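So the structure is just underneath, and the comments pick up after that.
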Amino acid sequence: MDVLALLADGFATSLSPLNLMIVILGVTAGLFIGAMPGLGSVNGVAIVLPLTFIVPPSSAIILLCAIYYGAMYGGAISSVLLGIPGSSTAVATTFDGRPMAQQGKAGLALIAAAMASFIGGTISVVLFTVFAVPLADLALAFGPAEEFALVLLAFTTFVGLGGDDVLKTLIMICLGLVLSTVGLDLISGQPRLIFFDEPGFYSGISFLVLAIGVYGVGEVLYTIETQRKSPSVTPAKLTFKELWLGMKAINRLWKTMSLGSFLGFFVGMLPAAGATPAALMAYGMAKTTSKSPETFGKGNIEGVAAPETANNAASTGSLLPMLTLGIPGSPTTALLLGGMVMWGLVPGPMLFIEQPDFVWGLISSLYTANFAAVAINLALIPLFVWALRMPFTVLCALVLVLCLVGGYAPSQKLHDVWLILGFGVAGYLLRKADYPLAPLVLALVLGPLMEKSFRQTLISEQGNVMAFFERPLSASFMAIALLFFLLPLLKVLRKNISKDKVAPAE
Amino acid sequence: MQAADRLIALSIIGMSLYFMSDAVALPIGWNGETGGPGGGAFPFWLSLIMALAAGGVLVRSFLQDRTQQAFFDHVTLRSVIAVTVAVAVTIALMPYAGSYIAIPLFMFWYLKIYGRHGWVLTGILTLSTPVFLFFFFEVTLKILLPKGWTEPLFIPLYATFF
């Protein structure tokens with residue numbers, strides 16, 4: 001098999017001492033970030049990204065992916081020990097993880113979560129390896145028309161499947177796209193939207209500034225409100241006997257875990273869905289297919305395993321469209337995409353041809369990251385129990401300082417630091433008012449591609465708007481996009497029709 | 001809650017209008033020569049959609065029943081404003097007093113005054129953070145943080161580490 005040879009080459013890269021060290025470092029940092037209530041993978045990647053200038057670009061991406069992975073494992077830790085999800089992706093893990101901890105089985109729950117994460121992660125990385133090349137090959141046939149249609153499709157998934165308020169989602173997508181146009185016009189090179197004639201806007205608004213603002217400063221402001229009193233940590237002890245028991249218990253759950261992995265992987269690929277709904281869906285599915293659904297929510301180990309396999313699989317799934325098509329499947333992968341573009345490694349099918357060493361090094365590092373994550377997770381449980389006692393104000397102070405300095409470092413302009421504060425406060429207020437933030441970040445990252453592909457298509461087709469519907473691939477993307485866009489409208493119509501039917505009976 | 005919702009929707013409309021007035025500096029219509037939309041088209045029409053959607057949110061909020069839930073409670077509002085102002089003061093101080101004064105000051109305020117932590121914890125974190133920042137950003141990454149008036153004090157350190 002061709003893929004196996006490429007993967008073997010990749011391992012030669014990812015098993016080099018530097019990259020191995022980076023994976024271990026990243027996974028450990030990710031575990032801690034994920035375990036801290038309030039901080040998830042997206043916050044971790046946003047805050048750490050400016051610090052990754054310290055290693056070469058390809059290693060920096062491996063580091064960020066390792067953090068992403070580690071954070072997915074780590075989310076379960078506070079779900080079990082505090083009963084507060086460490087990140088939104090671990091919400092479903094609290095349903096049964098918390099009762100298990102209260103029954104004195106916290107150690108078992110943590111082992112189950114770690115093992116399930118490992119299995120979900122591994123199955124999904126294998127799926128990733130299988131699908132990556134065919135998808136990248138397909139994407140090679142894409143012209144600007146297809147690119148535009150695909151980006152549009154990615155945005156419409158938020159409208160159709162996001163589950164948030166449709167109008168507010170639409171506002172956030174447009175805001176992100178408009179902010180992405182600040183600076184110089186891509187085609188004519190003229191300056192546009194230079195607010196208040198500030199020279200800082202000539203270079204545009206970096207995705208990093210928005211991400212650090214929204215996910216760093218904004219998140220801290222949000223936690224100030226939600227975590228006012230310090231939480232109580234359930235002690236967890238870990239013995240080899242429990243490890244053995246945990247493995248035995250996990251061994252009975254293969255059906256649930258493989259279902260969760262597949263579900264998570266494919267749900268994770270959709271920009272609007274991702275790890276949180278995937279975990280909830282896997283939990284629901286495990287419950288309905290279980291022979292004893294009444295034990296769920298009362299400390300059933302299956303209820304820990306199902307969401308944990310799914311959220312890890314979803315994080316791998318969201319990497320697939322990012323790396324092969326250049327369309328991120330989650331806010332975290334949107335930041336990874338932005339980082340890669342910043343370092344000159346533009347994701348998409350050409351990356352597989354031009355930089356095979358990097359691509360396969362990255363893919364193989366996902367395998368090593370999984371091994372490292374499960375081992376470090378199990379080994380450091382006592383340390384997490386201790387770290388979770390850290391007062392919130394300490395964590396927030398450190399995060400804010402990292403946001404200030406990390407925001408300054410890439411461009412070395414205080415203008416960007418002020419923008420970070422502005423985005424932080426705005427993002428916090430918008431989030432409180434139920435505006436979804438993921439589409440905003442995704443739109444800022446994808447905005448330049450969307451505008452460029454739109455205008456390139458029209459220029460090459462002499463202004464023929466129908467060009468998007470004349471090519472089979474782009475036409476089908478447009479059709480699906482239209483469907484997603486109309487989905488909320490159809491829902492409203494159906495509601496009204498059923499209301500009308502009920503009305504005469506009154 | 002509703003008042004806040006309306007206020008946010010109104011500010012989005014205002015912002016969209018501002019974006020639109022800025023975008024018209026470039027052609028927003030069809031550019032006959034190149035056969036595509038002009039440079040201002042993307043921001044202009046998207047801002048228009050944004051304004052219309054925000055208008056929708058505004059109209060909807062008047063059609064809905066009133067909710068009593070408050071957007072902010074007093075404790076939250078005070079904390080959020082305090083932290084925001086502290087961060088703003090820190091950024092404002094950075095170009096004048098330098099990062100190595102502004103950041104420890106911020107940490108001292110956050111840990112000791114806002115967080116009410118002990119002197120030992122505050123001291124350790126307040127003093128070790130700038131040392132870490134110096135070695136990480138300046139020595140390793142060669143990214144110089146703003147120093148303002150404190151610049152001369154760093155000349156011997158530069159001589160040692162660069």
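By convention in this document, chain letters (A, B, ...) are assigned in the order of the sequence lines, proteins followed by strands, and residues within each chain are numbered from 1. All values reported here derive from a predicted model rather than from experimental measurement.
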Identify, with sequence neighbours excluded, every residue that meets salt bridge (charged side-chain N to carboxylate O under 4.0 Å, His left out) alongside B/R78.
none

Using heavy-atom distances under 4.5 Å, tell me whether B/A88 contacts chain A through its side chain, its backbone, both, or neither.
both

Do other residues, nucleotides or ligands put more than 12 heavy atoms under 6.0 Å from A/F485 CZ?
no

Closest non-hydrogen atom pair, A/R455 against B/P37
NE-O, 3.5 Å

Report which part of A/L175 has an atom under 4.5 Å of a heavy atom belonging to chain B: side chain, backbone, both, or neither.
both

Under a 4.5 Å heavy-atom criterion, the part of residues 99-111 of chain B in contact with chain A comprises B/I103, B/F106, B/M107, B/Y110, B/L111

Residue B/L144 versus chain A: region with a heavy atom under 4.5 Å
backbone

Select one option (side chain, backbone, both, neither) describing which atoms of B/A4 are under 4.5 Å from chain A's heavy atoms.
neither

Region of A/F195 that comes under 4.5 Å of a non-hydrogen atom in chain B:
both

Side chain / backbone / both / neither for B/A25 at chain A, heavy atoms under 4.5 Å
neither

Toward chain B, the part of A/E451 with a non-hydrogen atom under 4.5 Å
both

Need one label for A/V220: side chain, backbone, both or neither, based on atoms under 4.5 Å from any heavy atom in chain B.
side chain

Side chain from CB out, backbone as N, CA, C, O: work out which of these in B/A51 comes under 4.5 Å of a heavy atom of chain A, or both, or neither.
neither

So which part of B/L145 gets closer than 4.5 Å to some heavy atom of chain A, the side chain, the backbone, both or neither?
both

Tell me, for B/L125 versus chain A, whether the close heavy atoms (under 4.5 Å) come from the side chain, the backbone, both or neither.
side chain

Region of A/I194 that comes under 4.5 Å of a non-hydrogen atom in chain B
backbone

May I ask you to decide if B/L26's main-chain N or O and A/R192's side chain share a donor-acceptor pair within less than 3.5 Å?
no

Report, as yes or no, whether the 6.0 Å neighbourhood of atom NZ on B/K112 holds more than 12 heavy atoms from other residues, nucleotides or ligands.
yes

When the 4.5 angstrom heavy-atom criterion is applied to A/F53 and chain B, the contacting part is both

Checking heavy atoms, do the side chain of A/V425, its backbone, both or neither come under 4.5 Å from chain B?
side chain

Is there a side-chain contact between B/D5 and A/K168 in this structure, where contact means two heavy atoms from C-beta onward sitting under 4.5 Å apart?
yes

Using non-hydrogen atoms and a 4.5 Å limit, figure out which bit of A/M450 sits close to chain B: side chain, backbone, both or neither.
both

Using non-hydrogen atoms only, which part of B/Y18 is less than 4.5 Å away from chain A: side chain, backbone, both, or neither?
side chain

Compare all side-chain heavy atoms of B/V57 with those of A/Y435 and state whether any distance is below 4.5 angstrom.
yes

For B/I8 and A/A433 the tightest heavy-atom approach is CD1-CB, 3.5 Å

Side chain, backbone, both or neither of B/S21 within contact of chain A (heavy atoms, under 4.5 Å)
neither

For the residue pair A/L421 and B/I91, establish whether any side-chain heavy-atom pair is separated by less than 4.5 Å.
yes

When every non-hydrogen atom of B/R60 is compared with those of A/L167, the smallest separation belongs to NH1-CD1, 4.0 Å

Side chain, backbone, both or neither of A/I171 within contact of chain B (heavy atoms, under 4.5 Å)
both

Give the intermediate values and the outcome of side chain to side chain contact (heavy atoms under 4.5 Å, CB included) for residues A/V401 and B/T129.
CA-CA 9 Å; A/V401 167; B/T129 309; 4.0 Å; yes

